[in-house]
Amino acid sequence: MQPKEPKNFIEKLIEEDLASGRYTRVHTRFPPEPNGYLHIGHAKAIVLNFSIAEKYGGLCNLRMDDTNPLTEKQEYVDAAIRDVRWLGYDWGDRLYYASDYFEKLYEFAKELIKKGLAYVDDLSPEEIRQYRGTLTEPGRESPYRNRSVEENLELFERMKNGEFEEGQKVLRAKIDMASPNLNMRDPVIYRIIKASHYRTGDRWCIYPTYDFAHPLSDAIEGITHSLCTLEFEDHRPLYEWFIERLGPTKPRQIEFARLNITYMVLSKRKLTRLVEEGHVSGWDDPRMPTLAGLRRRGYTPEAIRNFCQMIGVSKAQSLVDIELLEHCLREDLNRRAPRRMAVLRPLRVVIDNLPEGYIEEVELENNPEDPEAGKRKVPFTRELYIDRDDFMEEPPPKFYRLAPGREVRLKGAYIVRCERIEKDPQTGEIKTIHCRYDPDSRSGTSTRKTKATIHWISVSHSIEAEVRLYERLFREPNPEECEDFIECLNPNSLEVLRGCRVEPSLADAGVGDVFQFLRVGYFCVDPDSKRGMPVFNRAVTLKDEWAKIRQKIRL
RNA sequence: UGGGGCGUAGCCAAAGGGUAAGGCAGGAGACUUUGGAUCUCCCAUUUGGAGGUUCGAAUCCUCCCGCCCCAGCCA
């Protein structure tokens with residue numbers, strides 16, 4: 001008997017619905033509004049909806065919730081499709097658009113009018129607000145609330161025909177102006193917007209609101225469980241009000257807490273601002289939490305899906321530690337990313353007891369986690385580069401790497417000892433490290449141990465690369481709490497390194513390929529790469545014991 | 001001071017009358033030709049608080065406290 005997988009509260013509710021016979025099947029949907037790029041918060045909803053459908057043998061639709069012509073664009077539709085597919089999900093032929101339902105929705109609205117449950121209101125937006133009352137006081141009924149069905153029908157048709165200006169008239173549901181739930185105080189369900197819609201063009205000048213379009217779109221598609229975020233909890237009575245009166249099927253709305261991650265901002269409004277004000281290079285800037293950005297950064301669909309499963313689903317507001325996301329990436333990349341040696345900040349090393357022009361091929365594993373990945377040959381020569389971080393003239397305690405008089409192993413090759421340092425007489429900068437190698441210490445043939453093994457690259461066999469080091473975009477764990485989140489941007493979120501030296505094979509790496517640069521981190525080939533000048537984005541660093549120690553001793 | 005929700009470890013999150021899972025982070029150690037990976041161990045005498053019911057309460061009851069959402073013709 002297997003210990004049963006803990007089910008989240010939504011799965012429990014679904015199983016109750018199935019057991020009670022309320023539903024005999026499960027059908028979910030992911031309904032983004034195409035007014036921005038999908039981000040990792042959407043990924044939570046995507047994974048939830050698709051995995052629940054799969055778990056219960058049901059289906060999940062992809063639906064564009066496009067009822068506002070002012071903010072929506074085809075570009076965002078294309079991006080959403082690309083991103084959901086990239087995440088690994090398949091909606092079959094069920095890509096739908098709320099805008100495809102405009103005709104049906106219009107008919108539903110007329111039906112509501114005929115039932116005496118909706119009316120055309122002439123109040124201005126400001127007046128509607130005043131009539132709505134406040135949190136503690138009931139609203140007042142509009143003087144136009146009791147128009148006849150015939151008049152409402154006629155006015156609504158004239159609205160549709162463009163006979164009125166924006167803001168002049170709206171269609172409202174006739175519910176209860178005294179309801180303690182503001183959403184029930186005669187919500188607007190149709191408004192006049194004389195803008196052309198990216199899909200329906202100028203065919204309509206009246207558009208349904210979310211509150212009206214969403215439940216009915218769900219009902220049209222035969223959705224059983226309509227999962228949405230907590231802020232719609234207050235809308236559920238309204239959702240049900242429309243479904244009960246007009247719905248061809250009866251979906252159930254269930255709300256869960258939206259995702260928040262430390263050092264990130266996950267609201268489309270804020271992300272749009274980052275893009276529009278140029279704080280990032282675009283929606284796919286590798287620092288962005290968008291799926292496009294994470295993809296460019298080097299995140300894999302598997303890592304993101306796993307993360308979404310690990311964070312769970314509940315109704316408690318949460319702020320997930322970004323380290324969990326990073327953990328999921330490392331876990332995935334560790335077992336699949338080919339290893340390569342790359343020197344980010346080159347420091348020249350000359351092995352004095354090796355002849356000029358000496359070349360020896362040493363063999364390195366492509367991935368110690370995956371024997372199938374095979375091995376590769378790397379040239380070992382007299383002049384090498386190592387990383388500046390791997391040498392210290394005056395090493396503090398616990399620094400195990402190279403220092404005057406000290407030995408380290410060059411990964412896959414020999415043990416070298418630092419004999420002397422050559423400095424620039426003017427600046428005092430270290431120019432070259434002179435070492436001697438131990439000919440009997442060749443990797444694989446010697447058991448001699450050193451405190452550390454460092455990576456290296458042959459000067460004459462390396463190629464140049466640009467490396468972009470990313471850190472968290474914000475310096476505050478919760479940028480939402482900043483007065484203005486822009487003020488909390490991390491000024492060091494991007495550091496560009498030029499003149500990095502990498503293995504020659506990396507010249508042919510394809511855009512999107514991810515490698516582990518030995519001892520440094522995981523790096524993804526950026527589309528900005530040019531022939532002979534690859535550009536790498538650091539997806540995430542490797543865990544680093546020394547970095548931790550260094551931070552402590554500097555405190 | 002209207003309505004709707006939510007409080008279990010630093011962060012997520014199970015358990016829903018039978019004596020607090022798991023993951024991340026953190027700590028200690030083993031191993032290691034990546035200070036990576038892997039492995040082992042530690043990390044809530046207690047579930048926002050106070051009462052009550054019960055042999056037994058994170059779970060049931062009462063009161064209190066705190067946090068989030070709602071007054072768009074956004075979604």
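If you're wondering where the values come from, they're calculated on a predicted model, not measured in any experiment. Numbers restart at 1 for each chain; the letters A, B, ... are given by sequence-line order, proteins then strands.
Taking atom P in both B:rU40 and B:rU54, the straight-line distance is 46 Å, to the nearest Å. For B:rU1 and B:rG16, the C1' atoms lie 34 Å apart once the distance is rounded to whole Å. For the C1' atom pair drawn from B:rC41 and B:rC55, the interatomic distance equals 36 Å after rounding to whole Å. Using atom C1' as the reference point in both B:rG27 and B:rU34, the two lie 23 Å apart (nearest Å). Rounded to whole Å, the P atom of B:rG2 lies 31 Å from the corresponding atom of B:rA14. Taking atom P in both B:rA9 and B:rA21, the straight-line distance is 14 Å, to the nearest Å. Between B:rU8 and B:rC60, the distance separating the two P atoms is 16 Å to the nearest Å. Comparing B:rU53 with B:rC11, their C1' atoms sit 35 Å apart, to the nearest whole Å.
Considering only the side chain of A:Ile193, B:rC74 comes nearest among B:rC74, B:rG3, B:rA71. Taking every side-chain heavy atom of A:Glu545 into account, B:rG35 is the closest of B:rA25, B:rA75, B:rG35. The nucleotide whose nearest atom lies closest to any side-chain atom of A:Lys543 is, among B:rC6, B:rA37, B:rC73, B:rA37. In this structure, of B:rU34, B:rC11, B:rA71, it is B:rU34 that holds the atom nearest to the side chain of A:Thr453. Of the candidates B:rG35, B:rA75, B:rG3, B:rG35 carries the atom nearest the A:Phe399 side chain, counting heavy atoms from C-beta on. In the set B:rG2, B:rG5, B:rG35, B:rG2 carries the atom at the smallest distance from any side-chain atom of A:Pro180. Taking the side chain of A:Arg519 as heavy atoms from C-beta on, and the options B:rG35, B:rC12, B:rG72, the nearest nucleotide is B:rG35. Taking the side chain of A:Thr67 as heavy atoms from C-beta on, and the options B:rG3, B:rG5, B:rA75, the nearest nucleotide is B:rA75. Each of B:rA75, B:rG26, B:rA25 was ranked by its minimum atom distance to the side chain of A:Lys548; first place goes to B:rG26. Closest contact between the side chain of A:Ser318 and the listed nucleotides B:rA13, B:rG36, B:rG72 involves B:rA13.
If you check every strand for non-hydrogen atoms under 4.0 Å, A:Gly139 touches nothing. Backbone-only contact: A:Ser314 has heavy atoms under 4.0 Å from sugar-phosphate atoms and none from a base. Among the atoms of the strands shown, only primed sugar atoms or phosphate atoms (P, OP1, OP2) are found under 4.0 Å from some heavy atom of A:Lys449. At the heavy-atom level, A:His235 lies under 4.0 Å from base atoms of the strands shown.
A salt bridge links A:Arg199 with A:Asp100; the closest basic N to acidic carboxylate O contact falls under 4.0 Å. For the pair A:Arg336 and A:Glu302, the salt-bridge criterion is met [side-chain N within less than 4.0 Å of a carboxylate O]. In this structure, A:Arg29 does not pair ionically with A:Glu221, as no charged nitrogen and carboxylate oxygen lie closer than 4.0 Å. A salt bridge is absent between A:Glu545 and A:Lys398; no separation between the charged side-chain nitrogens and carboxylate oxygens falls under 4.0 Å.
Under the 30°/60° scheme for interplanar angles, the aromatic rings of A:His214 and A:Tyr239 are found to be tilted. Taking the six-membered ring for Trp and thresholds of 30 and 60 degrees, A:Tyr101 and A:Tyr96 have ring planes inclined between 30 and 60 degrees apart. Relative orientation of the A:Trp283 and A:Tyr37 rings is parallel, given thresholds of 30° and 60° on the angle between their planes.
In terms of phosphate contacts, A:Arg191 brings a side-chain nitrogen or oxygen within less than 4.0 Å of OP1 or OP2 of B:rA75. One finds no side-chain N or O of A:Arg550 lying less than 4.0 angstrom from the OP1 or OP2 phosphate oxygen of B:rG35. Within the structure, every side-chain polar atom (N or O) of A:His455 is placed at least 4.0 Å from both OP1 and OP2 of B:rU34.
Regarding the sugar-base torsion, B:rG4 falls in the anti class, its angle being beyond 90° of 0.
For A:Glu369 against B:rU38, a side-chain-to-base donor-acceptor contact under 3.5 Å is absent. The base of B:rG72 does not come close enough to the side chain of A:Arg129 for any donor and acceptor atom to sit less than 3.5 Å apart. Donor-acceptor pairing under 3.5 Å, judged by distance alone, is present between the side chain of A:Asp234 and the base of B:rG3.
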Side-chain donor-acceptor contacts of residues 514-521 of chain A below 3.5 Å, not counting sequence neighbours, with atom names and distances?
| from | atom 1 | to | atom 2 | distance (Å) |
| --- | --- | --- | --- | --- |
| A:Gln516 | NE2 | A:Tyr522 | OH | 3.1 |
| A:Arg519 | NE | A:Thr453 | O | 3.3 |
| A:Arg519 | NH2 | A:Asp390 | OD1 | 2.8 |
| A:Arg519 | NH2 | A:Asp390 | OD2 | 2.4 |

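Among the candidates A:Arg269, A:Lys270, A:Arg258, the single residue satisfying the salt bridge (charged side-chain N to carboxylate O under 4.0 Å, His left out) test with A:Glu480 is A:Lys270.
In terms of position along RNA chain B, the nucleotide closest to A:Ser441 lies nearer the 5' end than the nucleotide closest to the other residue of the pair A:Ser441 and A:Asn334. Place A:Glu231 and A:Tyr400 on RNA chain B by their nearest nucleotides, and A:Tyr400 ends up nearer the 5' end.
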**OP:** Taking Watson-Crick and G-U wobble pairs with both distances under 3.5 Å, convert RNA chain B into its dot-bracket string, 5' to 3', dots for unpaired and | for cross-strand pairs.
**Re:** .((((((..(((.....[...))).(((((.......))))).....(((((..]....))))))))))).....
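Residues A:Phe536 and A:Leu506 approach most closely at CZ-CG, 3.7 Å, considering heavy atoms.
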